[in-house]
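Along the sequence shown, the residues carry numbers beginning at 1. Both ligands and their constituent atoms are indexed starting at 1 by order of listing.
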Amino acid sequence: MPKIKILPPHEAQKIAAGQVIERPAHVIKELIENAIDANASRILIYIEDGGKQLMRVVDNGHGMDREDAQLCLTRHATSKICSVDELSSLTSHGFRGEALACIAAAGKITILTRQAESSEGTKVSVSVENNIVIEACACLEGTDITVTDLFYTMPARAKFLKKRETEIYQITQIVHALSLAYPSRHFQLFIDEKLSINCPPHTTSINRCASIWGPMVTHHLIALSEQTVKVAGLTISGAITRPTMLRYDRKNIFFLVNNRWITNQHLGRALLKGYGNILPHGRYPLACLTLHIDPTQIDINTHPKKEEILFAHPRIVEQAITDTVHAALEANTSQYLERIPSEHSYSPGGPQTLVSSISFHAAPSLPGTITRNIATSHEIPHAIIPQSTPSQIKLATNPETITSHEQMSTIQNDTGWLQSFKLLGQLHDTYLLLEHQDGLYIIDQHAAHERVLYELFGTQQAQIPTVNLLFTHTIPCSTEDLALLEPHLELFHEHGIMIEQFGKNQLIVKAIPIHVKNVPVEDLIQQTIEWIREYNHLDESQFATTIHNKLQAQMACKAAVKAGDSLSLQQMEKLLEELNQCPNRFSCPHGRPTGFLIPLADIEKQCRRR
Ligand code: ADP
Ligand code: MG
């Protein structure tokens, strides 16, 4: 008895659809790409409930005649190629002729289309019996495609749809990427009927970057001067931000290769390499790199959603990216950066190289008046006060015997901890040196202060003194970030950061905790927006706890004294006393140790006393 059966076409189509359409953003991508391929100069995108309920893309492109409209939902129906050989000279996005067929298998699709020369339009839809229905209709020149009830045919897939915000974010990324690839076309994204992204036509891609990333980013942007690499038939252009404008994730780094948005971590690494050693750990620029390459040097037919491509000479492309970025930064950043030779690294037999580190200008502090209990006791001002002589904090009456960090952790609730130390002073304006009967204890002042502030922000949220800003501070914020942030403003309020939405594109800061008064509050907000995006899939209480902890740690990190801040004796003593009160005094909120002991025995060994 034979077991093999040929699947009915509509079932086979659902399987194929599963690969091409995993989420609403993939539908949007295919529809926008078709509009671009149809040479539309204006593309309007509408979504409802993160695209789950409705997606609609309206273009003013060349439209389809009735015959094409009837065929376009059929699998492998394409006007773009006749044979695979044509891929090497392809300029359109589409070539497989399967997007519309897959979309029709996954949701309910309706197409209205009209060519300039015809007086009547065509409406295409799919009946419950899976038949294609063609009707005459009135419609504007171009094509208008609506997709509703995505995955109603595939309940298993429907379960994997993410929260509305997550889907919106993915769709926004697609719209950003494609509008960066085509700056001269007009893109508008409407989310639940509200205009969320408006990218009017621009002549240059740097202007498009500016309209996408907003005014806060614009004056940190550098245009890359076009570089050509003859061997690979490659040119690179685009824009990147100076190291004065960085983000906590790579979501704003776009690579467009022959106008396709592609993800490729090697290219990402090459870009970051171009920044040399000037990016702080975990911070990333905003960037849009536009690569045009001889189509014979790439293979675009490697990924079901066309998100990846293969390069014939990947190393050449990566090196060219690094060099272009490096050259642009070298030429543009000198006025913003102060180079301080900090370290000579010597490789035996090789040349001695000078590694330079770069320091950034601090953001200006916000002017303000202080309200609520002005408990400045926890503040360790960053003033530079001459060092006093080492002093004895308190002599231990009953000194503890501590030999290692591990052993220290076991006594962390012992408030007598501090008494067994004698403060000797500060090393390199970064470490506090303490004498202990078992050796030398070294404390990292930043990690220690971070811990102190973290505990303070956590336990005394309600009593944290805040500063009412005399001149309220406004922060530009994109509409989509605002939409994401708006339901969670309370999170900030609970930490004493009083922000409110102000108009369509701004936030207003009314008060901030005194400890973070010198911290650029826009950074905190930007970082929080990214966390909201990242953790949106968590359930409500996990989400709130995660964001609270992250915000609390970030405020502590930003407000804490830094390595290189000279501290007076009183400031050091204050810090030690406060650290002593912390239940988790042996690590900072990020898990780094606040200090460690160099055992006396080791010191004696080094000095050959033993
Ligand atoms: P592909 O883009 O790979 O050809 P699709 O399934 O996306 O496959 O589209 C099938 C065909 O339908 C296209 O080749 C094109 O001829 C036509 N088509 C789709 N969308 C549009 C549109 N917005 N305007 C004009 N023609 C379109
Ligand atoms: Mg297509």
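By the criterion of a heavy-atom distance under 4.0 Å, both the backbone and the side chain of Thr78 are placed next to ligand 1. The backbone of Arg96, and not its side chain, has at least one atom closer than 4.0 Å to an atom of ligand 1 (non-hydrogen atoms only; backbone = N, CA, C, O).
Considering backbone and side-chain atoms together, Ala101 places no N or O closer than 3.5 Å to any N or O of ligand 1. Ligand 1 has no N or O atom lying under 3.5 Å from any N or O atom of Ala38, backbone or side chain. For ligand 1, one of its N or O atoms has an N or O atom of Asn34 under 3.5 Å away. Not a single N or O atom of Glu30, backbone or side chain, sits closer than 3.5 Å to an N or O atom of ligand 1. The distance criterion of under 3.5 Å between nitrogen or oxygen atoms is met by Gly97 with respect to ligand 1. Residue-to-ligand polar distances keep Ala77 apart from ligand 1: every N/O pair is separated by 3.5 Å or more.
Between His93 and Tyr182, the distance from one ring center to the other falls under 6.0 angstrom. Taking the six-membered ring wherever Trp is involved, the centroid distance between the rings of Phe543 and His488 falls below 6.0 Å. A centroid separation of less than 6.0 Å is found between the aromatic rings of Phe254 and Trp261.
Protein heavy atom nearest atom 12 (O) of ligand 1, with residue, atom name and distance: Cys72 CB, 3.4 Å. Of the protein's non-hydrogen atoms, the one nearest atom 6 (O) of ligand 1 is Leu100 N, 2.9 Å. If you check which protein heavy atom lies closest to atom 23 (N) of ligand 1, you get Asp59 OD2, 2.9 Å. The shortest contact between atom 14 (O) of ligand 1 and any protein heavy atom is with Ser79 N, 3.0 Å. Scanning the protein for heavy atoms near atom 22 (C) of ligand 1, the closest one is Thr143 OG1, 3.7 Å. Remark: minimum distance from atom 26 (N) of ligand 1 to any protein heavy atom is reached at Met64 CG, 3.4 Å.
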>> One pair to check against side-chain contact (heavy atoms from CB on, under 4.5 Å): Thr146 and Tyr46. What are the steps and the verdict?
In response: CA-CA 9 Å; Thr146 303; Tyr46 301 82; over 6 Å; no
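Taking the charged nitrogens against the carboxylate oxygens, Arg315 and Glu318 do have a contact shorter than 4.0 Å, which makes a salt bridge. Salt bridge Asp192/Arg164: present, at least one basic N to carboxylate O contact under 4.0 Å. The pair Glu141-Arg114 fails the salt-bridge criterion, with no side-chain N (NZ, NE, NH1 or NH2) lying under 4.0 Å from an Asp/Glu carboxylate O. Arg66 and Glu120 are joined by a salt bridge, as a carboxylate oxygen and a charged side-chain nitrogen come within less than 4.0 angstrom of each other. A salt bridge does not link Glu167 with Lys163: every distance from a Lys NZ or Arg NE/NH1/NH2 to an Asp or Glu carboxylate oxygen is 4.0 Å or more. The pair Arg42-Asp59 does not count as a salt bridge, with every side-chain nitrogen at least 4.0 angstrom from each carboxylate oxygen.
From Asp481, atom CG reaches atom OH of Tyr169 across 10.0 Å, with rounding to the nearest 0.5 Å.
Residue nearest to atom 13 (C) of ligand 1, selected from Arg75, Lys80, Glu98, Gln115: Lys80 (by heavy-atom distance).
Ligand-side atoms of ligand 1 in range of Gly94: 1 (P), 2 (O), 3 (O), range being under 4.0 angstrom from any heavy atom. For ligand 1 and Phe95, the ligand atoms under 4.0 Å from any heavy atom of the residue are 3 (O).
The closest approach between any non-hydrogen atom of Asp68 and ligand 1 is not below 4.0 Å. Using 4.0 Å as the threshold, Gly63 has a heavy atom nearer than that to some atom of ligand 1.
Put simply, Asn34 gets within reach of the Mg ion (ligand 2), with an N, O or S atom under 2.8 Å from it.
Both tests pass for Arg157 against the ring of Phe151: distance under 6.0 Å to the centre and angle within 45° of the axis.
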